[in-house]
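Please read the structure below before turning to the comments.
Treat the numbers as computed from the prediction; the structure is a model and nothing was measured.
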Amino acid sequence: MHDLKSIREAAAEFDRGLARRGLPPHSGRILALDAERRGAQTELQDIQTRRNDLSRGIGIAKSKGEPVEAIMAEVAAMKDRMAALEALDRRLGEELDGLLASLPNLPASEVPDGTDEHGNVELRRWGNPRNFAFAPKQHFDLGETLGLMDFGRAAKISGARFTVLKGALARMERALSAFMLDSHTIDFGYTEVVPPALVNDAAMFGTGQLPKFSEDLFRTTDGRWLIPTAEVPLTNLTADEILDEAALPLRWTAFTPCFRSEAGSAGRDTRGMIRQHQFSKVEMVSIAHPDQSDAEHERMTKAAETILQKLNLPYRVMLLCAGDMGFGARKTFDLEVWLPGQQAYREISSCSNCGEFQARRMKTRFRPTEGKGNRNVHTLNGSGLAVGRTMVAILENYQQDNGTIEVPEALRPYMGGLEMIGV
RNA sequence: GGACAGGUGGCCGAGUGGUUGAAGGCGUCAGUCUCGAAAACUGAAGUACCCGUGAGGGUAUCGCGAGUUCGAAUCUCGCCCUGUCCGCCA
């Protein structure tokens, strides 16, 4: 959600930001609506002032036993105009809010230009892709051959884009979640949270999934939504609250299932576990002071990278270009893990600084320790990591020529000391 | 799901359709006092928006949304949430 005041003050800059997102200018329409609405509000409030004075006068006159018919007639005469102005104010407000709510966040200045993933900039690489003495397989071949990953039966009971994991791989999902949560809570100070997986409209609006992206979501028959990421419930934890500055930053992490309809991605990643309707993810969310959100963003990304490093999985860090960022982000780092079976780097984490964008939607502010005037917090979210894709990466990077899988050392304590899968 | 009872400012808690943004208490902040603190006393303080260069003025807001009324925290309706009991249930 955008701030009207800042658009009034810097309309050209606002439109420049939209242009970087590939959108036409909107400030003209917004400011026209804003001006018209404020005119209506001002006139309405003047009438209300008069109405309140007169009504008060009626009460006083009555208590004195004086006649009130003349005053009542005067108030009654204002009713039509008041109703018209109220309707106008509401209509203009709805159009204005609808417009403001539909526009994505503006990219930070250091975000590169670009319309799609080809505009993203590689910042750094970590780890060296292993040299295989054989042709590395893709994760679904490995998993199915092991008999621990079953897409056929998942389709039987649920349909496409679901997986059944069994045995050591089912356990690996549990192990990975515990491993990741331990790292974030113990090494990075995040507080572990178990949030609801079903949320209401307001929460989905707060983080920006609604009103524009409802087709990407699953909806329950009683009108709730299945979370597409724990970012939604975690970030909305502070909705409608005014926090103490001293409480910042708030850092939360949660392991949850995530549900996405994947409408519009038909044909992409149809095989395997890369793109599923349901997947597990450990998410991090930080609620930060505006002055500290850039540092918090780096810190959060570091927490996600640490998981990959501990698992010894090669990856690269991408700075997303303006056109490839999500709706609410002003700056995003993607972590892409090396998948030898695909011979490609694939996204395994996305860490975004949303600035004030979500805070304004959720009405999350903080009270400065010094000075007056409440300010919007900055919100950040990042995967740490997508558990299913982490399993994919482990299968492909740790596969042996006989199809067995070595368990990464860091994970062994979480898997009862298991060193090899499939032997 | 059914039956009751509730939802008031940071918290607790009054509130009769009429000059109530809302008594009182607690807590918070500032000041007086003090070497300092406590106590006491004095004062300040919700949120959003509009007008105004400013000082300042105004509107809305008592769970949310409609309605009745010249006027609604107070009356009516719908919804949401909380508590208690019953039913069902992991």
- [ ] Between B/U8 and B/A3, how far apart are the P atoms? Round to whole Å, please.
- [x] 24 Å
- [ ] State which residue, out of A/Arg161, A/Arg346, A/Gln342, fulfils the side-chain hydrogen bond (donor to acceptor under 3.5 Å, both in side chains) condition with A/Asp269.
- [x] A/Arg346
Open item on the list: B/A60, OP1 or OP2 - any side-chain N/O from A/Arg51 closer than 4.0 Å?
Closed with: yes
Task: Shortest side-chain distance from A/Gln41, nucleotide among B/C50, B/A60, B/C70 - done: B/C50
Task: Listed nucleotide nearest any side-chain atom of A/Asn374, set B/C51, B/A66, B/A48 - done: B/A48
TODO: Establish, yes or no, whether the cationic atom of A/Arg361 lies under 6.0 Å from the six-membered ring centre of A/Phe205 and within 45° of the ring axis.
DONE: yes
Open item on the list: Looking only at the side chain of A/Thr49 (C-beta and beyond, no hydrogens), which of the listed nucleotides B/G58, B/U47, B/U19 gets closest?
Closed with: B/G58
Task: B/G17 pairs with, by Watson-Crick or G-U criteria that keep both distances under 3.5 Å - done: none
TODO: Would you kindly give the CD1-to-C1' distance between A/Ile47 and B/C70, to the nearest whole Å?
DONE: 15 Å
- [ ] Please determine, for B/C62, whether a Watson-Crick or G-U wobble partner exists with both distances under 3.5 Å, and give it or none.
- [x] none
Task: Spacing of the P atoms in B/A72 and B/A60 (rounded, Å) - done: 9 Å
Open item on the list: In whole Å, measure the gap between the C1' atoms of B/U74 and B/G67 for me.
Closed with: 15 Å
TODO: Report yes if the distance between the aromatic ring centroids of A/Phe179 and A/Tyr414 is under 6.0 Å, otherwise no.
DONE: yes
Open item on the list: Within this structure, what is the CD1-CZ distance for the pair A/Ile30 and A/Phe14, rounded to the nearest 0.5 Å?
Closed with: 4.0 Å
Open item on the list: Using heavy-atom distances to pick each residue's nearest nucleotide on RNA chain B, tell me which of A/Leu44 and A/Asp3 is more 5'.
Closed with: A/Asp3
Task: C1' spacing across the pair B/C35 / B/G25, given as an integer number of angstrom - done: 33 Å
Open item on the list: With a 3.5 Å limit on both atom pairs, tell me what B/U84 is paired to, counting Watson-Crick and G-U wobble, or say none.
Closed with: B/A3
Open item on the list: Please give the distance between the C1' atoms of B/G7 and B/A55 as a whole number of Å.
Closed with: 40 Å
Open item on the list: Distance check, rounded to the nearest 0.5 Å: A/Arg90 atom CZ versus A/Leu92 atom CG?
Closed with: 11.5 Å
Open item on the list: Taking B/C4 as the reference, what is the distance to B/G43 when you measure between their C1' atoms (whole Å, please)?
Closed with: 46 Å
TODO: Look at the side-chain N and O atoms of A/Asn52 and state whether any lies under 4.0 Å from the OP1 or OP2 oxygen of B/G71.
DONE: no
Task: Rounded distance (nearest 0.5 Å) linking atom CG of A/Asp97 with atom CD of A/Glu95 - done: 10.5 Å
TODO: Quote, to the nearest angstrom, the P distance that separates B/G78 from B/G2.
DONE: 14 Å
Open item on the list: Over all strands shown, is A/Ile60 touching base, sugar-phosphate only, or nothing at heavy-atom distances under 4.0 angstrom?
Closed with: base
Task: B/G1 to B/A44 separation - P atoms, rounded to the nearest Å - done: 50 Å
Open item on the list: Any strand counts, and the cut-off is 3.5 Å on both contacts for Watson-Crick or G-U wobble. Which nucleotide pairs with B/G43?
Closed with: B/C29
Task: Which nucleotide in B/A48, B/U19, B/G18 has an atom nearest any side-chain atom of A/Ile58 - done: B/G18
Task: Distance, rounded to the nearest Å, where A/Arg361 contributes CZ and B/A48 contributes P - done: 19 Å
Open item on the list: What is the separation between atom CG on A/Leu4 and atom P on B/C50, rounded to the nearest whole Å?
Closed with: 8 Å
- [ ] May I ask you to say what A/Arg8 touches in the nucleic acid, namely base, sugar-phosphate or nothing, with a heavy-atom cut-off under 4.0 Å?
- [x] sugar-phosphate
Open item on the list: Nearest to the A/Arg90 side chain among B/C51, B/A66, B/U19, which nucleotide is it?
Closed with: B/A66
Open item on the list: How many whole angstroms separate atom CZ of A/Phe366 from atom C1' of B/U47?
Closed with: 16 Å
Task: Separation of atom CG in A/Asp97 from atom C1' in B/A48, rounded to whole Å - done: 13 Å
Task: Nearest-neighbour nucleotide for the A/Gln45 side chain, B/A48, B/U59, B/C70 considered - done: B/U59
Open item on the list: Using whole Å, what does the distance between atom C1' of nucleotide B/A72 and atom CD of A/Gln48 come to?
Closed with: 14 Å
Task: Value in whole Å for how far the C1' atom of B/C50 lies from CG of A/Leu88 - done: 15 Å
Task: Complementary nucleotide for B/G24 - Watson-Crick or wobble, under 3.5 Å - done: B/C12
- [ ] Go through B/U19, B/C70, B/C50 for me and flag the one nearest to the A/Arg38 side chain.
- [x] B/C50
Open item on the list: I need the minimum non-hydrogen distance between A/Asn374 and A/Arg365, along with the two atoms involved.
Closed with: CB-CB, 4.2 Å
- [ ] Counting Watson-Crick and G-U wobble pairs only, both distances under 3.5 Å, name the nucleotide matched with B/U69, or none.
- [x] none
Open item on the list: Within the 4.0 Å heavy-atom criterion, would you say A/Arg367 contacts the bases, only the backbone, or no part of the nucleic acid?
Closed with: nothing
TODO: Take atom CD of A/Glu86 and atom P of B/G67, then tell me their distance rounded to the nearest Å.
DONE: 9 Å
Open item on the list: Can you tell me if A/Arg365 touches the phosphate of B/A48, counting only side-chain N or O atoms and a distance under 4.0 Å to OP1 or OP2?
Closed with: yes
Open item on the list: Nearest heavy atom decides the nucleotide; on that basis, is A/Val75 or A/Asp34 closer to the 5' end of RNA chain B?
Closed with: A/Asp34
- [ ] Go through A/Arg251 and A/Glu296 one step at a time and tell me if the side-chain contact (heavy atoms from CB on, under 4.5 Å) criterion holds.
- [x] CA-CA 10 Å; A/Arg251 298 187 176 115; A/Glu296 184 69 18; 2.8 Å; yes
